[in-house]
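Read through the structure below, which is laid out as structure tokens, and then see the notes.
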Amino acid sequence: DSGGVLSMVDEQAHIDFCGGVLEYAGSEVVLDAIVTDSNNIVLSGDQLLRAGQGIVSMAVTVSGVNNRIEGQPIFSNDVTLYDADTTVSIAVTNDFSSNIILNGGTVELTDKLSFADNMGFIGTGTIKCNGHSIELRGTSTGFSSPLYFYNAGELNVLGGQYDLNSALTF
């Protein structure tokens with residue numbers, strides 16, 4: 001039966017999704033995650049965000065290990081890794097439409113990762129490329145913190161110039 005209503009009644013309220021579908025702002029997202037009352041999707045270890053074509057207007061925060069983001073999401077906000085112990089696999093088939101704020105965490109690619117214009121990695125972190133390529137586009141982005149790439153395919157800069165103000169280690 002559909003059409004139910006969930007209400008959050010206090011400031012600490014959240015909804016746990018275990019393979020559930022979140023319909024929000026005209027988009028459907030399959031989640032094994034927590035949605036907080038501050039419109040934040042939280043992947044907190046061994047959790048999944050799978051989106052079809054559509055806008056994910058909530059912020060996404062990732063902590064813990066073995067998280068996964070996949071599908072064709074169009075993010076309205078940056079994806080933020082919590083700390084150096086955080087890992088997330090990325091299997092997004094369209095241009096990644098937000099920055100990934102690493103905070104020392106690790107991103108593992110399961111396919112090529114193409115960023116939308118002026119988006120990319122922010123902060124220090126590790127990228128396990130598994131032989132896959134990364135595409136960066138735009139003119140107003142650069143690297144200002146050390147990044148560590150493992151088993152990288154190609155790093156392609158398309159349509160502009162990127163400022164390199166820190167070490168990139170391959």
Side-chain angles (χ1 to χ4, degrees), residues 2-123 125-130 132-138 140-141 147 158-159:
S2 64
V5 175
L6 293 173
S7 299
M8 296 186 188
V9 294
D10 64 37
E11 292 182 13
Q12 301 300 316
H14 67 271
I15 302 169
D16 291 336
F17 283 82
C18 297
V21 177
L22 171 66
E23 293 182 11
Y24 185 81
S27 296
E28 290 186 2
V29 181
V30 175
L31 296 174
D32 279 319
I34 296 169
V35 176
T36 69
D37 60 337
S38 57
N39 290 327
N40 192 20
I41 296 171
V42 178
L43 305 176
S44 59
D46 295 309
Q47 294 190 311
L48 167 72
L49 182 156
R50 179 186 303 130
Q53 286 184 313
I55 295 172
V56 177
S57 58
M58 294 181 174
V60 177
T61 303
V62 184
S63 65
V65 298
N66 299 322
N67 296 290
R68 185 171 172 90
I69 297 173
E70 64 183 39
Q72 298 177 314
I74 300 169
F75 293 105
S76 296
N77 297 285
D78 291 338
V79 173
T80 303
L81 279 60
Y82 182 72
D83 62 16
D85 296 324
T86 301
T87 66
V88 62
S89 295
I90 305 287
V92 172
T93 58
N94 57 321
D95 289 348
F96 205 90
S97 57
S98 75
N99 291 306
I100 299 175
I101 301 173
L102 294 167
N103 289 320
T106 299
V107 171
E108 185 165 353
L109 303 183
T110 60
D111 205 344
K112 176 178 84 172
L113 178 61
S114 297
F115 282 99
D117 286 351
N118 303 318
M119 300 296 164
F121 297 110
I122 304 294
T126 300
I127 316 303
K128 293 182 179 179
C129 297
N130 297 315
H132 301 293
S133 299
I134 298 171
E135 290 184 353
L136 302 165
R137 293 181 178 82
S140 65
T141 307
L147 289 174
L158 307 172

Any idea which heavy atoms bring [X] and [Y] closest together, and the distance?
{"X": "Pro73", "Y": "Ala51", "value": "CB-CB, 3.7 Å"}
{"X": "Met119", "Y": "Asn99", "value": "CA-OD1, 3.4 Å"}
{"X": "Gly120", "Y": "Leu136", "value": "CA-CD2, 4.2 Å"}
{"X": "Leu43", "Y": "Arg68", "value": "CD1-O, 4.0 Å"}
{"X": "Tyr82", "Y": "Asn103", "value": "O-CB, 3.8 Å"}
{"X": "Glu135", "Y": "Lys112", "value": "OE2-NZ, 3.7 Å"}

- Could you go step by step and tell me if Ile100 and Leu81 meet the side chain to side chain contact (heavy atoms under 4.5 Å, CB included) rule? CA-CA 8 Å; Ile100 299 175; Leu81 279 60; 3.8 Å; yes
Quick one: pull up [atom1] in [X] and [atom2] in [Y] and give me the separation to the nearest 0.5 Å.
{"X": "Leu113", "Y": "Phe121", "atom1": "CG", "atom2": "CZ", "result": "5.0 Å"}
{"X": "Glu108", "Y": "Asn67", "atom1": "CD", "atom2": "CG", "result": "12.0 Å"}
{"X": "Glu70", "Y": "Ile90", "atom1": "CD", "atom2": "CD1", "result": "10.5 Å"}
{"X": "Thr93", "Y": "Gln72", "atom1": "OG1", "atom2": "CD", "result": "4.0 Å"}
{"X": "Met58", "Y": "Leu49", "atom1": "CE", "atom2": "CG", "result": "10.5 Å"}

- Run the salt-bridge test on Asp95 and Arg137 with the 4.0 Å N-O cut-off and return the result as yes or no.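 Salt bridge flag = yes for Arg137 with Asp95.
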- Derivation and outcome, side chain to side chain contact (heavy atoms under 4.5 Å, CB included), residues Val65 and Asp85: CA-CA 7 Å; Val65 298; Asp85 296 324; 5.7 Å; no
Does some side-chain heavy atom of [Y] sit less than 4.5 Å from a side-chain heavy atom of [X]?
{"X": "Ile134", "Y": "Cys129", "value": "yes"}
{"X": "Ile41", "Y": "Thr61", "value": "no"}
{"X": "Thr106", "Y": "Lys128", "value": "yes"}
{"X": "Ile69", "Y": "Val88", "value": "yes"}
{"X": "Val62", "Y": "Thr86", "value": "yes"}

- Task: Evaluate the criterion side chain to side chain contact (heavy atoms under 4.5 Å, CB included) for residue pair Ile101 and Val79; output intermediate values, then yes/no.
- Result: CA-CA 6 Å; Ile101 301 173; Val79 173; over 6 Å; no
- Task: Could you walk me through whether Leu102 and Ile122 pass side chain to side chain contact (heavy atoms under 4.5 Å, CB included), step by step?
- Result: CA-CA 6 Å; Leu102 294 167; Ile122 304 294; over 6 Å; no
- Exam field: side chain Asn130 to backbone Leu109, donor-acceptor pair closer than 3.5 Å: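 Answer holds: yes.
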- Query: Taking Ser98 for the side chain and Phe75 for the main chain, is one N or O donor matched with an acceptor at less than 3.5 Å?
  - Reply: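 Judged by distance alone, no pair lies under 3.5 Å.
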